[in-house]
Amino acid sequence: MSATQAIVEAAVTLFSWPTIGWVVVGIVLGVIAGALPGVGSAMGMAIVLPLTLPLGPVNAIVLLVSMYSGAMYGGSIAAILVNVPGTGGAAATTLDGYPMTKQGKAVKALAMSATASATAGFFAVLTLLLFSPILIEIVLLFGSPEFFLMAAFGIAMITVVVQGSIVKGIAAGAFGLMITSIGIAPNAPELRYTFGSLMLYDGLDFIAALIGMFAIAEMIKLAAKEGGIADEGLDMSGSVTEGVWETFRHPVTIVKSGYMGMLIGAIPGAGATVANFFAYGEAMRANPDGKFGDGEPLGVISAEASNNGTIGGSLIPTISFGIPGSGSTAVLLGGLLMHGLRPGPDLFDAELATTYTFLLALMIGNVFIILAGVFLVTRMGRITQLDTHLIIPVIIVLSVVGGYSLRTNWIDVATVLGLGILGYMMVKHDYSIIAFVLGVVLGPIAEENLMRSLQISDGSYAIFVTRPISLLIVILILLVLLGPYVKPWLAERRAGSE
Amino acid sequence: MDVQRTYLRLIDRISLEYIVLLTMLVSSVYMLWQSYEFDIGSAGVFPRLTGAVVLIATLLLMFRSYLPDPLYSFVAESADLIDVDDEFTGEDEEEPDREDRRISVVDRPVHDSLMVAVFAVGYGILGYAIGILWASPIFVLIYGLWFRLSWKVLLVLIPISLLIGLGFYEALGLRIDRGEIFLTEGVL
């Protein structure tokens, strides 16, 4: 199937009922999840994941990507109204968004956020769509050794990019990979670590691990925070149209921030938070006369354009090589695998129309983001005032029921709760739960590709350094892991010799 | 008060990081050891590789304070590839201190996070015993009483918890109305 045929087929699927309806549902759920501080996109998507079981693969993924997109915008609502970013990707939005609220321009700031998010998100996905034929060529060059190494590269990148020591990240990632060994081996009829229990024959479910790590761990953490997220009354004043037009008066900032977000989003682990601050910093540099930190519209526009730009970027490693760059894309990858869609060549070959369907859904979803931003914005504000102790029991009930619904196996409930508690302890001590989750999601794929590679090479590990692309990835892994330590050492030596 | 003091002393002595490291250490040693016992040798390759990495990393982290300086900084210090200006991110750092100072935001003698974890595990066990559908409102009720939620709020949350269960029961045909110990035949 040619790319054009696939796009046409994708458009027909997307605009048919109920698929288009799932886009709207996903955007609305995403905006709500994003607007609730402490919930956010990854948790919202993880909780919804078991509910997508009765949906077909296309509708399920359309729902999930729309939630991802909606949550990215939703994060700005709490950031602007109550100075608490709903998601990490809206952290820089607080810097000018909240001062705008205090100046009586809350609605204008929210409209600006919706317009900038949607416009940048639209162009980032459009660019991804236009460049997808090149991406397809690259992906098709990859074989089993390269896919195994890409999994290792993804974990290596995340351990370096996220805060905390690299060794903690490696331990978390490898621990995630290790626990996927439980159950029947993928390449041999051998039962591993089941303790003779039938419940463990199929191993631990990665969706249960995602729910535990993102929902339960976060709820345990949230419990220690003071009751209400926002106690003060909301001043919903300002003009929607003014906000929309103000945004369009700065096309360069939108495009620059959006593409900056897209590039940073493509780096596993970097994600929306980093992009947010990078774009904000660049807007400050390019506009020295702006009143940044004091309600400067460009601050909101750059921050919000960048975080929705990361969506397009983060999908590149996720769908091409199966490396999710963030918690949300890890859940998205979980959704793809749960519905039988494997990242890599399949998504660009037999499933090309499906891939284009959810890329188009992301593009169209941006229109709904603007509509939500313009028409629902005054009502959305109330969400941010929900007490955390109202959210926690509901999320825990959803997580436990959702975990049980995966396979009606009590091991999944134990996984949700056990890994949730472990995840809380890991977060408390800077062990990357993203690296852990990545390990859990990538484990089966990594093992399958490792064993296939060793079969091809008659058991020789040289296969990972004798193929040009493999060798390149090995070098990249070494650079990523050793770079942060070698660079200062080299600089010191250079300074010493001078 | 003695119980309270004992509890606080106990909590002070327990290091959550050591629990994480111990979990990783024990499971990696067990998985490594077991991987040599498999009938089909190739099935042990992946757990052996990952187990070895976990074991080495865990031991490095456990004994990091005894490591010589260059190795210590490799193991213990952050090496962020992409730095975000501290001027922007500094605000997050203050919060844990404030949280840690107070045991509970609702003036209970036990840490809130610990109670949520205990309630969640209890909910899981009760769900196993009598069915998740019936355990959910009990969990919400106990949670609400502990965290001093008003009766009005509880009267909203309890039906919501039941509705979530019923939603899954209807949509996915999930038999969460029966337990593994009691009500094994189901109620609905």
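Every chain is numbered from 1, with letters handed out A, B, ... down the list of sequences. Because the structure is predicted, anything quoted here is derived from the model rather than measured.
- What you find for A:Ile182 and B:Met31 is that their closest heavy atoms are CG1-CE, 3.6 Å.
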Please test A:Arg192 against B:Glu37 for salt bridge (charged side-chain N to carboxylate O under 4.0 Å, His left out), starting from the C-alpha separation and ending with a verdict. CA-CA 10 Å; A:Arg192 304 180 297 191; B:Glu37 312 267 310; over 6 Å; no
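- Within the 6.0 Å centre-distance limit, the rings of A:Phe195 and B:Tyr30 are counted as a close aromatic pair.
- The two residues A:Ser165 and B:Leu61 have their closest heavy-atom pair at OG-CD2, 4.3 Å.
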Test log, rule side-chain contact (heavy atoms from CB on, under 4.5 Å), inputs B:Glu17 and A:Tyr431: CA-CA 9 Å; B:Glu17 184 171 18; A:Tyr431 286 79; 2.6 Å; yes
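- Applying the ring-ring contact (aromatic ring centres under 6.0 Å, His included) rule to A:Tyr404 yields the partners A:Trp410; only residues at least two apart in sequence or on another chain are considered.
- Atom CZ of B:Phe139 sits about 4.0 Å away from atom CD1 of A:Ile396, to the nearest 0.5 Å.
- If you measure heavy-atom distances from A:Pro189 to chain B, the contacts under 4.5 Å come from both the backbone and the side chain.
- Interface remark: A:Ser399 contributes no atoms to any contact with chain B (heavy atom separation under 4.5 Å).
- Listed by sequence position, B:Ile132, B:Ser136 are the residues of residues 129-138 of chain B in contact with chain A, using a 4.5 angstrom heavy-atom cutoff.
- Residue B:Ser35 touches chain A through both its backbone and its side chain, counting heavy-atom pairs closer than 4.5 Å.
- Side-chain contact between B:Phe46 and A:Asn187 is absent, with no heavy atoms from C-beta onward closer than 4.5 Å.
- Heavy-atom distances place the side chain of B:Arg64, and not its backbone, under 4.5 Å from chain A.
- Contact between A:Glu447 and B:Pro47 at its shortest, heavy atoms only, is OE2-CD, 4.3 Å.
- For B:Leu174, the part lying near chain A is the side chain, with the backbone staying farther off; criterion is any non-hydrogen pair under 4.5 Å.
- For residues 19-28 of chain B, heavy-atom neighbours of chain A at less than 4.5 Å comprise B:Ile19, B:Val20, B:Leu21, B:Thr23, B:Met24, B:Ser27, B:Ser28, sorted by residue number.
- In this structure, chain B has a heavy atom under 4.5 Å from the side chain of A:Thr408, while its backbone stays farther away.
- Ring pair A:Tyr193/B:Phe38 is perpendicular by interplanar angle, where above 60° counts as perpendicular and below 30° as parallel.
- In terms of heavy atoms, B:Val116 sits closest to A:Met219 at CG1-O, 4.4 Å.
- Only the side chain of B:Glu180 comes within contact range of chain A, judged by heavy atoms closer than 4.5 Å.
- Interface remark: A:Ile220 contributes backbone and side-chain atoms alike to the contact with chain B (heavy atom separation under 4.5 Å).
- Interface residue A:Ile421: only side-chain heavy atoms are found under 4.5 Å from chain B.
- Within the 4.5 angstrom heavy-atom criterion, only side-chain atoms of A:Leu454, from C-beta onward, approach chain B.
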Check the pair B:Val153 / A:His389 against side-chain contact (heavy atoms from CB on, under 4.5 Å), numbers first and verdict last. CA-CA 10 Å; B:Val153 170; A:His389 288 294; over 6 Å; no
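- Counting non-hydrogen atoms of neighbouring residues, nucleotides and ligands closer than 6.0 angstrom, the CZ atom of B:Phe182 reaches no more than 12 such neighbours.
- The heavy-atom pair separating B:Ile40 from A:Ala188 by the smallest distance is CG2-CB, 3.7 Å.
- Of all heavy-atom pairs between A:Ala171 and B:Val54, the closest is O-CG2, 4.2 Å.
- Options A:Val400, A:Val416, A:Val413 differ in how many heavy-atom pairs under 4.5 Å they form with chain B, and the most are formed by A:Val400.
- The contact between B:Leu49 and chain A is made entirely by side chain atoms (from C-beta outward), counting heavy-atom distances below 4.5 Å.
- Proximity to chain B (any heavy atom under 4.5 Å) is shown, for A:Leu177, by both the backbone and the side chain.
- A donor-acceptor contact shorter than 3.5 Å is absent between the side chain of B:Thr50 and the backbone of A:Ala174.
- Both the backbone and the side chain of B:Tyr128 come within contact range of chain A, with heavy atoms under 4.5 Å apart.
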Determine whether B:Phe147 and A:Leu390 satisfy the following criterion, side-chain contact (heavy atoms from CB on, under 4.5 Å), listing intermediate values before the conclusion. CA-CA 10 Å; B:Phe147 284 100; A:Leu390 301 184; over 6 Å; no
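- Under the 4.5 Å side-chain criterion, counting only non-hydrogen atoms from C-beta, A:Pro393 is in contact with B:Leu157.
- The ring-ring contact (aromatic ring centres under 6.0 Å, His included) search around A:Tyr424 returns none, not counting sequence neighbours.
- When heavy atoms are compared at a cutoff of 4.5 Å, A:Met426 approaches chain B by way of both its backbone and its side chain.
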Taking it one step at a time, do A:Leu417 and B:Tyr123 satisfy side-chain contact (heavy atoms from CB on, under 4.5 Å)? CA-CA 10 Å; A:Leu417 298 170; B:Tyr123 170 41; 5.8 Å; no
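- Only the side chain of A:Ala185 comes within contact range of chain B, judged by heavy atoms closer than 4.5 Å.
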